Amino acid sequence: MTQAHGQRTEPPGGDDRDRAATVRVFIALAPPDGAKDELARALGPAYDAYPHLRWNRIEDWHVTLAFLGELPVGTVPLLRPPLAGLAAFRRPVGLALRGAGHFDERVLWSGIEGDLDELQRLASDVRTVVRECGVPFEDRPLRPHLTLARARRDDRSSVVDIAAGLAGFAGRRWPAERLHLVGSDFGRGPGPIRYRDIESWSFDGS
């Protein structure tokens with residue numbers, strides 16, 4: 001999800017998405033390629049052993065700060081100026097990928113360590129911006145993580161086993177240098193979930 005400063009892309013789905021009335025939206029940070037490569041190498045045996053899982057594409061890995069759900073396409077432009085302004089005065093956040101866990105034995109994730117206080121402040125400010133734009137969303141407590149895969153409903157062991165195997169994973173520290181406004185095609189077809197930046201902004205605060 002890396003882009004030049006303030007560069008825009010089309011919402012996910014190409015021409016089909018352009019015709020859609022809504023887009024599924026969230027605001028996130030993304031690990032750099034080096035950090036993703038470290039975790040992908042650690043996941044290598046699991047990729048081979050559990051090909052039936054719905055593995056997220058590595059290029060789509062992200063740390064969600066605010067999940068906004070389905071929004072009218074016309075609402076999305078309202079978020080761009082205030083999010084750009086927020087990023088312009090923030091410093092990069094130092095984070096690292098550590099260990100793994102699961103939600104309800106079905107969703108596999110990697111944990112996040114580092115400057116978690118600053119991450120919480122950033123998420124709080126992002127959510128304030130969203131509310132000030134008049135966009136309704138479910139304001140759940142932030143549980144920093146990076147989603148890796150989802151199991152089928154009748155599979156109650158694969159994700160648990162993989163999480164246990166990754167418990168000792170410790171990735172290098174990296175700076176989260178951009179704020180991403182992302183759209184997804186969740187629920188819009190039989191294929192895997194795909195994500196694409198609607199726009200992103202660098203953290204330019206000194």
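Here the structure is a predicted model, which means the values were calculated and not measured.
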For residues F89 and F203, establish whether the separation of their ring centroids is below 6.0 Å. no

Counting the benzene-type ring for Trp, do H62 and F26 have ring centres under 6.0 Å apart? yes

As an exercise, state the distance from [atom1] of [X] to [atom2] of [Y], rounded to the nearest 0.5 Å.
X    : Y    : atom1 : atom2 : value
D115 : Q120 : CG    : CD    : 10.5 Å
R172 : E38  : CZ    : CD    : 5.5 Å
L142 : R127 : CG    : CZ    : 5.5 Å

Write down the atom of [X], the atom of [Y], and the distance for their closest heavy-atom approach.
X    : Y    : result
A151 : V159 : CB-CG2, 3.8 Å
R90  : E118 : NH2-OE2, 2.7 Å
A35  : W174 : CB-CD1, 3.4 Å
Y195 : S184 : CD2-CB, 3.4 Å

Is the backbone of [Y] close enough, under 3.5 Å, to the side chain of [X] for a donor and an acceptor to pair up by distance?
X    : Y    : result
R98  : A170 : no
E105 : S157 : no
W55  : Y50  : yes

Considering only heavy atoms from C-beta outward, does the side chain of [X] approach that of [Y] to under 4.5 Å?
X    : Y    : answer
L86  : T128 : no
L71  : T22  : no
D33  : K36  : yes
R153 : R106 : yes
V126 : L179 : yes

Candidates P92, S202, P32, S200 - the one meeting side-chain contact (heavy atoms from CB on, under 4.5 Å) with E177: P92

Check each of L148, L43, T147, V63 against S110 using the side-chain contact (heavy atoms from CB on, under 4.5 Å) test, and report the only one that passes. L148

Can you hop from [X] to [Y] via hydrophobic side chains spaced under 4.5 Å?
X    : Y    : value
L166 : V160 : no
V107 : L97  : no
L122 : F137 : yes
L29  : I58  : yes
I27  : L78  : no

Could you tell me which residues satisfy side-chain hydrogen bond (donor to acceptor under 3.5 Å, both in side chains) with R140, sequence neighbours excluded, listed by chain and number? E138

Residues that F103 engages under ring pair (Phe, Tyr, Trp, His ring centres under 6.0 Å), provided they are two or more places apart: W109, H145

Are the charged groups of D155 and R152 less than 4.0 angstrom apart, N to O? no

Checking S158 against D161: is there a side-chain donor and acceptor pair closer than 3.5 Å? no

D48 atom CG: more than 12 heavy-atom contacts under 6.0 Å: yes

